[in-house]
Engineer: 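I have a structure I would like to understand better, so I am pasting it below and will then ask my questions one at a time.
FYI, side chains are in, hydrogens and waters are out, and symmetry mates aren't considered; it's all heavy atoms of this structure. Each chain gets a letter, A, B and so on, in the order its sequence line appears, and its residues count up from 1.
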Protein chains: 2
Amino acid sequence: MADTNTTVSNDVAAAATAATPTQAPAASGRRVVFQSPHGASSTPEIDDMVMQAIARIADKWTMCVLEVLAQNGVLRFTRIGELVGGISQRMLTKTLRQLEDDGFVTRTVYPEVPPRVEYQLTELGSSLCAAFCSVWLWAEAHCSELRSIKASRRPTRAAKDGA
Amino acid sequence: MADTNTTVSNDVAAAATAATPTQAPAASGRRVVFQSPHGASSTPEIDDMVMQAIARIADKWTMCVLEVLAQNGVLRFTRIGELVGGISQRMLTKTLRQLEDDGFVTRTVYPEVPPRVEYQLTELGSSLCAAFCSVWLWAEAHCSELRSIKASRRPTRAAKDGA
DNA sequence: CAGAATCCCTGCGGATACTG
DNA sequence: CAGTATCCGCAGGGATTCTG
């Protein structure tokens, strides 16, 4: 799947740099346009969808839940919490609801007692996980670099604005 | 998307489900393990790196800056702000500093007056952009689905906890 | 021009208690 | 079991002001 776009090294930057994107002059609020490796430039709409997807993914728990579901297929509420580890019920509920609304997971309620609810990735959710797979490959490939960078990160910079 | 995760069009979920990941029983704080498409399972370290990378990317501005830099190659501070659009100097500075510390961009100061600082993606930064390319492809491929889902999102759910 | 410093407000997210 | 409801701390991030 990494070979979806021929050689995944940095042809994106290359293609994007070569092309002349429709860069709006900072008028209607960040109109960034990315470039697909196969030549076609993405529309602002797609660009926005990507941003939304990424923003959603990165809310600290979504990715973990997605991973857990990708691994185990179908899971109950509590089980997901266990597998993820350290997540509060509040956040687990919110995350799952969000995922459900976004069409990434299905929620099936069994009218039993005690109640039983099962979650499972949709096709869309699975495909998203697959899409993010290349990021894993990237991390793998640049593992040593990342490690050394993280190690040599000057501590003075870290406690700048945040602290 | 019925019930099988075996035919889920992506090998990630399939491979991950097949393998038996080292899932810590919610002890040392979420030990999620992802599965690479080529069979090798990622280590918790790589997994963590991915999480960090994604978390960083999604901080609302990083991705935009990354895109802009990927498109234009080398840019000055103010120019980046213009191209991104709507970002405050404070956030732009923070974002660029973070990106620099992470080894994704280089920062070159020219001792002139008025001062001039140029930013540019490193190899690592470019490769990260390339890695995220598949997410764009995903958004492209599932564009119509995402659109309809976004449209049919029940408004009652949206104004739950957040509002 | 490229930032650093300060103020302040919003919302994420943890902890806890209650319910069907 | 699978949530919902409430309180609350704290970091993210915008607006503004000052400086080398």
Engineer: If I take atom CZ in residue Arg107(B) and atom C1' in nucleotide dC1(C), what distance separates them, rounded to the nearest angstrom?
Structural biologist: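 Arg107(B) atom CZ is separated from dC1(C) atom C1' by 12 Å.
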Engineer: Atom CG of Asp59(A) and atom C1' of dA11(D): how far apart are they, to the nearest Å?
Structural biologist: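 Spelled out: CG on Asp59(A) to C1' on dA11(D) is 15 Å.
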Engineer: Could you tell me how far apart Arg56(B) (CZ) and dA11(D) (C1') are, to the nearest whole angstrom?
Structural biologist: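 Answer to the nearest Å: 14 Å.
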Engineer: Using a 4.5 Å cut-off on heavy atoms from C-beta on, say whether the side chain of Arg76(B) contacts that of Val117(B).
Structural biologist: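 The answer is no, as the side chains (C-beta and beyond) never meet within the 4.5 Å cut-off.
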Engineer: Nearest to the Thr78(A) side chain among dA2(C), dA4(C), dA2(D), which nucleotide is it?
Structural biologist: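 So the side chain of Thr78(A) is nearest to dA2(D).
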Engineer: In whole angstrom, give the distance that lies between atom NZ of Lys94(A) and atom P of dG13(C).
Structural biologist: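 Going from NZ in Lys94(A) over to P in dG13(C) covers 7 Å.
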Engineer: Taking CZ from Arg76(A) and C1' from dC1(D), how many angstroms apart are they, rounded to a whole number?
Structural biologist: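 Nearest whole value for this atom pair: 7 Å.
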Engineer: Can you check each nucleotide of nucleotides 14-20 of chain C against protein heavy atoms at under 4.0 Å and return B for base, S for sugar-phosphate only, - for none, in 5' to 3' order?
Structural biologist: BBB---B
Engineer: What is the distance from CG of Leu96(A) to P of dC1(D), rounded to the nearest Å?
Structural biologist: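 From Leu96(A) CG to dC1(D) P: 16 Å.
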Engineer: Got a donor-acceptor contact below 3.5 angstrom from the Thr95(A) side chain to the Trp61(A) backbone?
Structural biologist: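 No, the answer is negative, given that no donor and acceptor are paired below the 3.5 Å cut-off.
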Engineer: Once you round it to whole Å, what is the distance between C1' of dG13(C) and CZ of Arg97(A)?
Structural biologist: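 About 17 Å, once rounded to whole Å.
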Engineer: Side chain of Ser134(A), backbone of Ala131(B): donor and acceptor closer than 3.5 Å?
Structural biologist: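 Between the backbone of Ala131(B) and the side chain of Ser134(A) there is a qualifying donor-acceptor contact (under 3.5 Å).
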Engineer: Salt bridge or not between Arg107(B) and Glu118(B)? Use side-chain N to carboxylate O under 4.0 Å.
Structural biologist: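 Not counted as a salt bridge, because no side-chain N and carboxylate O are separated by less than 4.0 Å.
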Engineer: By nearest heavy atom, map Thr93(B) and Ala58(A) onto DNA chain C; which one lands nearer the 5' end?
Structural biologist: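 Counting from the 5' end, the first nearest nucleotide belongs to Thr93(B).
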Engineer: Students often get this wrong, so: under 4.0 angstrom with heavy atoms, is Tyr119(B) touching a base, only sugar-phosphate, or nothing?
Structural biologist: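 Sugar-phosphate contact only.
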Engineer: In whole Å, what is the span from the CD atom of Glu118(A) to the C1' atom of dG3(D)?
Structural biologist: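 Taking atom C1' of dG3(D) as the reference, CD of Glu118(A) is at 16 Å.
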